Amino acid sequence: MRIDVVSIFPTIFDALEVSLLGKARQSGLLDVHVHDLRAFTHDRHRTVDDTPYGGGAGMVMKPEPWGEALDAVTGGAVARPVIVFPSPAGERFTQATARELSTAPHLVFGCGRYEGIDERVFDYAAELGDVRLLSLGDYVLNGGEVAVMAMVEAIGRLIPGVVGNPESLVEESHEDGLLEYPSFTKPALWREREVPPVLLSGNHGAVAAWRREQQLVRTRERRPDLLPD
């Protein structure tokens, strides 16, 4: 998978060099390119924002550098890319969204800042690829970089070969619509707290039943909205 990221703070994405995603980049499973939006400006101040039409607080990101950046990262693409813009006004990013996007051969992420990006950029981007405005949740961040980092990690780890044991992906939170069951390891007794006896029983059927029940209990207590009515 190829991933292009456009941001005015490209060094934030140096974190993608570490852990499993870093190994995936080294092995060629992920081909990640980070681009500085200011490289697509043509004034000596490298300006990427201006005052909003109609008045109001804050600044809006200009369409000109975004247009050139999108032309550069989508030009010559073999497959039509999916172009993602993090936005609190977008649809909710979920595990299902991550799994869907993990099958795309080319993802482009545009990181907005200030009061957002000129709306015409999204319209133009739709001529170059399939545009998705995605939100991590019902809150506002200072910019799109943190959201893109989260999305890239959620998507990247679903690509075959990135996570060493693919079975570990199946039992995670949200994969089957429920939260994940609690996990334990050695020692069996730690600071007067015991591991549930069923996990020490060797009875795989009983363990599976206990884990499923724990998923339901956790989901009911913490995220009842995930359960059917």
Side-chain angles (χ1 to χ4, degrees), residues 1 3 5 9 11-30 32 34 84 86 88 91-103 107 109 134-229:
M1 172 188 282
I3 296 178
V5 180
F9 297 115
T11 56
I12 289 178
F13 295 92
D14 290 349
L16 294 178
E17 294 290 344
V18 301
S19 190
L20 291 177
L21 293 188
K23 293 179 181 179
R25 294 181 70 178
Q26 294 169 14
S27 64
L29 292 172
L30 282 177
V32 181
V34 183
V84 176
E91 62 180 295
R92 180 71 66 88
F93 179 83
T94 66
Q95 185 69 13
T97 312
R99 188 161 292 282
E100 176 191 351
L101 294 179
S102 70
T103 64
L107 296 176
F109 290 92
L134 298 176
S135 170
L136 286 188
D138 298 331
Y139 49 86
V140 179
L141 301 170
N142 287 332
E145 286 78 11
V146 171
V148 168
M149 287 283 290
M151 292 179 192
V152 169
E153 178 152 325
I155 295 165
R157 65 194 304 276
L158 296 176
I159 296 173
V162 173
V163 174
N165 182 3
E167 292 184 4
S168 65
L169 298 175
V170 177
E171 299 181 346
E172 294 178 327
S173 290
H174 304 293
E175 277 298 330
D176 62 353
L178 301 175
L179 301 185
E180 189 176 4
Y181 54 77
S183 299
F184 300 86
T185 188
K186 300 175 181 66
L189 178 65
W190 175 74
R191 298 190 179 185
E192 301 182 0
R193 292 168 172 82
E194 296 182 350
V195 171
V198 65
L199 300 180
L200 308 177
S201 68
N203 185 330
H204 298 298
V207 169
W210 179 86
R211 286 175 169 170
R212 184 65 176 180
E213 177 61 24
Q214 289 300 307
Q215 284 188 280
L216 291 168
V217 169
R218 276 192 164 188
T219 305
R220 191 178 301 115
E221 291 177 348
R222 304 177 186 180
R223 291 292 305 276
D225 57 295
L226 296 177
L227 295 172
D229 294 337

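Just so it is clear, the structure is predicted and the values come from calculations on it, not from any experiment.
The main-chain N or O of L21 is never found under 3.5 Å from a side-chain atom of S19 such that the two would form a donor-acceptor pair. In this structure, Q215 contributes its side chain and E180 its backbone to no donor-acceptor pair below 3.5 Å. Side-chain N or O atoms of R92 include none that pairs as donor or acceptor with a backbone N or O of S135 at under 3.5 Å. With hydrogens and angles disregarded, a donor-acceptor distance shorter than 3.5 Å links the side chain of S27 to the backbone of A24. Between the side chain of R220 and the backbone N or O of R218 there is no donor-acceptor pair closer than 3.5 Å.
Heavy-atom contacts from other residues, nucleotides or ligands closer than 6.0 Å to CG of D14 number more than 12. Shown here is Q214, whose CD atom has more than 12 heavy atoms of other residues, nucleotides or ligands within 6.0 Å. Counting heavy-atom neighbours within 6.0 Å of E91 CD, excluding the residue itself, gives a total above 12.
Each of E153, Q95, E100 was checked for a side-chain contact (heavy atoms from CB on, under 4.5 Å) with L158, and the lone residue meeting it is Q95. Of the options L101, V146, L136, a side-chain contact (heavy atoms from CB on, under 4.5 Å) to M151 is made by L136 and by none of the others.
Here L226 contributes atom CG and R223 contributes atom CZ; the two are 4.0 Å apart, rounded to the nearest 0.5 Å. To the nearest 0.5 Å, atoms CD1 (I12) and CD (E145) are separated by 4.5 Å. One distance of note links OG1 of T103 with CZ of R99; it measures 10.0 Å at 0.5 Å rounding. W190 CH2 to F184 CZ: the interatomic distance, rounded to the nearest 0.5 Å, is 11.5 Å. Of the inter-residue distances, the one linking W210 atom CH2 with L199 atom CG reads 4.5 Å to the nearest 0.5 angstrom.
No side-chain heavy atom of F13 sits less than 4.5 Å from a side-chain heavy atom of V152. L16 places none of its side-chain heavy atoms less than 4.5 Å from the side chain of V5.
Annotation for P160 and L29: closest pair O-CD2, 3.9 Å, computed over non-hydrogen atoms. Between T219 and L179 the shortest heavy-atom distance is OG1-N, 2.9 Å. What you find for S201 and V207 is that their closest heavy atoms are OG-CG2, 4.5 Å. Shortest non-hydrogen contact noted between A147 and P86 is CB-CB, 3.8 Å. The shortest non-hydrogen separation linking M149 to A15 is CE-CB, 3.5 Å. Here the closest heavy-atom approach between residue G156 and residue L30 is recorded as CA-CD1, 4.4 Å.
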- How far apart are the C-alpha atoms of V34 and F9, what are their side-chain angles, what is the distance that settles it, and do they pass the side-chain contact (heavy atoms from CB on, under 4.5 Å) test? CA-CA 10 Å; V34 183; F9 297 115; over 6 Å; no
